[in-house]
Novice: 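Submitted below is the structure of interest, expressed as structure tokens.
None of these values were measured; they are calculated from a predicted model. Throughout, numbering of the chain's residues begins at 1 and tracks the sequence.
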Amino acid sequence: MILVLVSVVLRAEVKLPAIFGNHMVLQQQTEAAIWGKAATGKTVRVSTSWNNKSYSAQTDKQGNWKVKVKTPAAGGPYEITISDGTNLKLKDVLIGEVWLCSGQSNMEMPVKGFFNQPVAGSNELIASSANPNIRLISVKKDKSLVTKDDFTGEWQECLPENVANFSATAYFFGKMLQQALGVPVGLINSSWGGTRIEPWMSESGIKKFDWVTLPDKNQTGDLSPQTPTVLFNAMINPFVGYAIKGAIWYQGESNRNEPAHYEKLLPGLAENWRAQWGIGDFPFYYAQIAPFDYGTKGLNSAYLREAQCKAESASVNMGMACLMDIGEEHCIHPSHKKITGDRLACVALVKTYGKSGFEYSGPVLKEMKTDGSVVKLTFNHATNGLTSYGKELENFEVAGENKYFYPAKASITREGVSLFSPSVEKPVAVRYAFKDFIVGDLFNTEGLPASSFRTDDWDE
């Protein structure tokens, strides 16, 4: 029996985690890690068809091995042969741009939509989605108190039947990138509806926030996906080290009642993932939560949107896509997911890929001045001016020293926006669209909306 077991171990074939497979995309022009398992003491060779080079590694006592292969400029398809004496061949491998896409239900929402909750234009968009230069992989939902080294999922070709069930935000983001850059794009979707941000951080990352309680790793019973670290352990850690260009994130609704904490947690997540990958400060771009009527319980979600705005400058290589104009009063999942993905792609195209000639941000408040009872606002990201598309600006409020806000009469000028209220003789603060549900009505002429904002820091 012992001889038989030894024989089986010695003949153990190369095993790869799910992140490596046919149809995958490797990040271009980098040292891309490839790893797996084989029999203890074996030499594993990895051969890449794009340069006909071979890389080798010796397995450790647990059978683990890892190599880094030099990837060329975008192209393909190629093959990768992995051998410990027996060949394992990965086919139809592309070289291009790889992005991690994560968050809660608005990232999870597939192109076909949720039941009774559509994605605008999905049928036509799915029907025309076949693209040999986009590849998709979704991480199956899982949770764990300890880090895992693999997940359930596989790379898929970009075909209508696969696109229909893939993250809409991620797909539209990748589609615009692929069209604009003309290179293959690989998208890794790891998302779970209704989850907070804390489960997506590693233990080392979450320890920096003293208000978060780490779970007992010996606990038994059903494990909530809201438990800190458990989604990182099961749905991010298995592919940490896979070469990526950056990450996009759509989450925040489940943390809306703690905006002060979220302002720190969001850049903390980006820095945590960057530390785990060890490839530098890769781009981390995110969608601001859209307006929605959360009801009378809890905090006004405009404070969470404000926290997301502040987080953009709290760490390097951060960027935000504003969705003030597409929220739905009675559905927390906006149907205009193509707008979401496109806006995130514009951020990436400008800030990561250096493209120009178009805008990536809506108007951002630059300065507030008062002239008697009139408030004058100027904005960045409005070089070609502002617009309300012919409608009256209805979302501005102004307050005096008594901190009571009144609706303001606002108009667009050559300099920005001027506003006043006959009820406020000496204005000291302005708020714009600072409510749970409201339809943004201030845009730059490129059609990107301004986020809700306020010039005060009052608790009321």
Novice: Please report the interatomic distance CG(Asp84) to NZ(Lys37), rounded to the nearest 0.5 Å.
Specialist: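 So the CG of Asp84 and the NZ of Lys37 are separated by 13.5 Å.
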Novice: Look at Lys175 together with Asp342 and state whether they make a salt bridge at an N to O cut-off of under 4.0 Å.
Specialist: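 So Lys175 does not pair with Asp342 through a salt bridge.
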Novice: Taking Cys322's backbone N and O only, do any of them form a donor-acceptor pair with Arg343's side chain (distance below 3.5 Å, no angle check)?
Specialist: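 At least one qualifying donor-acceptor pair exists.
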Novice: Short question: side chain of Thr48, backbone of Asn51 - any donor-acceptor pair under 3.5 Å?
Specialist: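 Flag not set: sc Thr48 to bb Asn51 has no pair under 3.5 Å.
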Novice: Taking it one step at a time, do Tyr294 and Phe437 satisfy ring pair (Phe, Tyr, Trp, His ring centres under 6.0 Å)?
Specialist: CA-CA 8 Å; Tyr294 287 91; Phe437 177 74; over 10 Å; no
Novice: Work out which heavy atom in Ser105 is nearest to a heavy atom in His333; give both atom names and the distance.
Specialist: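 Taking every non-hydrogen atom into account, OG-NE2, 2.7 Å.
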Novice: Restricting to ring-ring contact (aromatic ring centres under 6.0 Å, His included), what partner residues turn up for His336, sequence neighbours left out?
Specialist: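 ring-ring contact (aromatic ring centres under 6.0 Å, His included) list for His336, sorted by chain: empty.
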Novice: Output every pair passing salt bridge (charged side-chain N to carboxylate O under 4.0 Å, His left out) with a member in residues 145-165, not counting sequence neighbours, ordered by first then second residue.
Specialist: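 Listed by first then second residue: Asp142-Lys148.
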Novice: Would the number of heavy atoms belonging to other residues, nucleotides or ligands and lying under 6.0 Å from NZ of Lys338 be above 12?
Specialist: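 Open: at most 12 neighbouring heavy atoms sit under 6.0 Å from NZ of Lys338.
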Novice: On a heavy-atom basis, which atom in Arg305 and which in Ala433 lie closest, and how many Å separate them?
Specialist: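 So the minimum-distance heavy-atom pair works out to NH2-O, 3.3 Å.
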Novice: Side-chain donor-acceptor pair under 3.5 Å between Glu328 and Ser335, yes or no?
Specialist: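 Looking only at side-chain atoms, Ser335 and Glu328 do form a donor-acceptor pair, the distance falling under 3.5 Å.
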Novice: If you take all heavy atoms of Gln104 and Gly252, which pair is closest and at what distance?
Specialist: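 Taking every non-hydrogen atom into account, OE1-N, 3.2 Å.
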Novice: Give, for atom CD1 of Ile34 and atom CG of Leu26, the distance between the pair rounded to the nearest 0.5 Å.
Specialist: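 Here the interatomic distance stands at 5.5 Å.
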Novice: Quick check: do Leu442 and Pro449 have side-chain heavy atoms less than 4.5 Å from each other?
Specialist: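 Leu442 does not reach Pro449 side chain to side chain.
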Novice: Please check if the side chain of Tyr432 supplies one atom and the backbone of Leu365 the other of a donor-acceptor pair under 3.5 Å.
Specialist: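 Checked: no pair found.
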Novice: Got a donor-acceptor contact below 3.5 angstrom from the Glu198 side chain to the Pro228 backbone?
Specialist: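 A pair under 3.5 Å: no.
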Novice: Tell me which pairs pass side chain to side chain donor-acceptor pair (under 3.5 Å) where either residue lies in residues 277-292, with sequence neighbours left out.
Specialist: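 Counting only pairs at least two positions apart or across chains, the side chain to side chain donor-acceptor pair (under 3.5 Å) contacts touching residues 277-292 are Tyr285-Thr352, Gln288-Ser451.
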Novice: Side chain of Trp192, backbone of Met235: donor and acceptor closer than 3.5 Å?
Specialist: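 Looks like no, no N/O pair under 3.5 Å.
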Novice: So Met320 and Val347, do their side chains get closer than 4.5 Å, heavy atoms only?
Specialist: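 No, their side chains stay 4.5 Å or more apart.
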Novice: Distance-only criterion, 3.5 Å: show the donor-acceptor pairs between side-chain atoms of residues 269-276 and protein atoms not counting sequence neighbours.
Specialist:
unit_1: Glu271; atom_1: OE2; unit_2: Ser315; atom_2: OG; d: 3.0
unit_1: Asn272; atom_1: OD1; unit_2: Ser202; atom_2: N; d: 2.8
unit_1: Asn272; atom_1: OD1; unit_2: Ser202; atom_2: OG; d: 3.4
unit_1: Asn272; atom_1: ND2; unit_2: Ser202; atom_2: OG; d: 2.8
unit_1: Trp273; atom_1: NE1; unit_2: Trp200; atom_2: O; d: 3.1
unit_1: Arg274; atom_1: NE; unit_2: Phe282; atom_2: O; d: 2.8
unit_1: Arg274; atom_1: NH1; unit_2: Ser315; atom_2: OG; d: 3.1
unit_1: Arg274; atom_1: NH1; unit_2: Val316; atom_2: O; d: 3.1
unit_1: Arg274; atom_1: NH2; unit_2: Phe282; atom_2: O; d: 2.9
unit_1: Arg274; atom_1: NH2; unit_2: Val316; atom_2: O; d: 2.7
unit_1: Arg274; atom_1: NH2; unit_2: Asn317; atom_2: O; d: 3.2
unit_1: Gln276; atom_1: NE2; unit_2: Ser202; atom_2: OG; d: 3.3
unit_1: Gln276; atom_1: NE2; unit_2: Ser204; atom_2: OG; d: 3.4

Novice: Check whether any side-chain heavy atom of Gln251 sits under 4.5 Å from a side-chain heavy atom of Tyr262, and report yes or no.
Specialist: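 They are in side-chain contact.
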Novice: For Lys68 and Tyr55, work out which heavy atoms get closest and say how close.
Specialist: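 The pair with the smallest heavy-atom distance is O-CD2, 3.4 Å.
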Novice: I'd like to know if the side chain of Asn444 reaches the main chain of Gly447, judged simply by a donor and an acceptor atom lying under 3.5 Å from each other, with no hydrogens or angles considered.
Specialist: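 Between the backbone of Gly447 and the side chain of Asn444 there is a qualifying donor-acceptor contact (under 3.5 Å).
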Novice: Going from OG1 on Thr195 to CG on Asn255, what distance comes out if it is rounded to the nearest 0.5 angstrom?
Specialist: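 Going from OG1 on Thr195 over to CG on Asn255, the span is 9.0 Å.
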Novice: Roughly how far, to the nearest 0.5 Å, is the CG atom of Leu100 from the OG atom of Ser190?
Specialist: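 Going from OG on Ser190 over to CG on Leu100, the span is 6.5 Å.
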Novice: Go through the steps for Ser301 and Asp436 under the test side-chain hydrogen bond (donor to acceptor under 3.5 Å, both in side chains), then give the verdict.
Specialist: CA-CA 5 Å; Ser301 59; Asp436 253 349; 2.6 Å; yes
Novice: Would the distance check show the side chain of Glu79 and the main-chain N or O of Ser49 forming a donor-acceptor pair, the cut-off being under 3.5 Å?
Specialist: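 Absent.
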Novice: So, Gln178 and Asn131: side-chain donor and acceptor under 3.5 Å apart, yes or no?
Specialist: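 Yes, Asn131 and Gln178 have a side-chain donor paired with an acceptor closer than 3.5 Å.
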Novice: Can you check whether Ile244's main-chain N or O pairs, donor with acceptor, with Gln27's side chain at less than 3.5 Å?
Specialist: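 Such a contact is absent between Gln27 side chain and Ile244 backbone.
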Novice: Side chain of Thr30, backbone of Ala32: donor and acceptor closer than 3.5 Å?
Specialist: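 It does not hold such a pair.
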Novice: side-chain hydrogen bond (donor to acceptor under 3.5 Å, both in side chains) between Lys337 and Asn106: does it pass, once the steps are laid out?
Specialist: CA-CA 9 Å; Lys337 286 293 184 286; Asn106 270 307; 2.8 Å; yes
Novice: Does either side chain, that of Thr43 or that of Gln58, offer a donor lying less than 3.5 Å from an acceptor on the other one?
Specialist: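 Side chains of Thr43 and Gln58: pair found under 3.5 Å.
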Novice: Apply ring pair (Phe, Tyr, Trp, His ring centres under 6.0 Å) to the pair Phe434 and Phe453, showing each step before the final yes or no.
Specialist: CA-CA 6 Å; Phe434 214 75; Phe453 65 83; 8.7 Å; no
Novice: Please give me the minimum heavy-atom distance between Asn257 and Gly298, naming the atom from each residue.
Specialist: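 The answer is OD1-CA, 3.3 Å.
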Novice: Salt bridge (charged side-chain N to carboxylate O under 4.0 Å, His left out) with Lys217: which residues, sequence neighbours excluded?
Specialist: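 Lys217 satisfies salt bridge (charged side-chain N to carboxylate O under 4.0 Å, His left out) with Glu203 once adjacent residues are dropped.
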Novice: So, the side chain of Ser361 versus the backbone of His381: is there a donor-acceptor pair under 3.5 Å, distance only?
Specialist: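 No; judged by distance alone, with no hydrogens or angles, the pair does not exist.
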Novice: Rounded to the nearest 0.5 Å, what's the gap from CD1 on Ile248 to OG1 on Thr169? Could you check?
Specialist: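 Reported to 0.5 Å precision, the distance equals 7.0 Å.
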Novice: Which is it for Leu177 and Leu349 under the side chain to side chain contact (heavy atoms under 4.5 Å, CB included) test, yes or no, and what are the steps along the way?
Specialist: CA-CA 7 Å; Leu177 280 193; Leu349 288 168; 3.7 Å; yes
Novice: Verify whether one side chain among Asp441 and Asn395 offers a donor that lies under 3.5 Å from an acceptor in the other.
Specialist: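 Yes, a side-chain donor-acceptor pair sits under 3.5 Å.
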Novice: Do you know which two heavy atoms are closest between Pro110 and Phe114, and how far apart they sit?
Specialist: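 Closest approach of Pro110 to Phe114, heavy atoms only: CD-CE2, 3.4 Å.
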Novice: Under the rule for side chain to side chain contact (heavy atoms under 4.5 Å, CB included), what residues qualify as partners of Pro199, not counting sequence neighbours?
Specialist: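 Pro199 satisfies side chain to side chain contact (heavy atoms under 4.5 Å, CB included) with Arg196, Gln226, Val230, Leu231 only.
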Novice: Measure centre to centre between the rings of His261 and Phe209, then say whether the value is under 6.0 Å.
Specialist: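 Here the rings of Phe209 and His261 have centres that are no less than 6.0 Å from each other.
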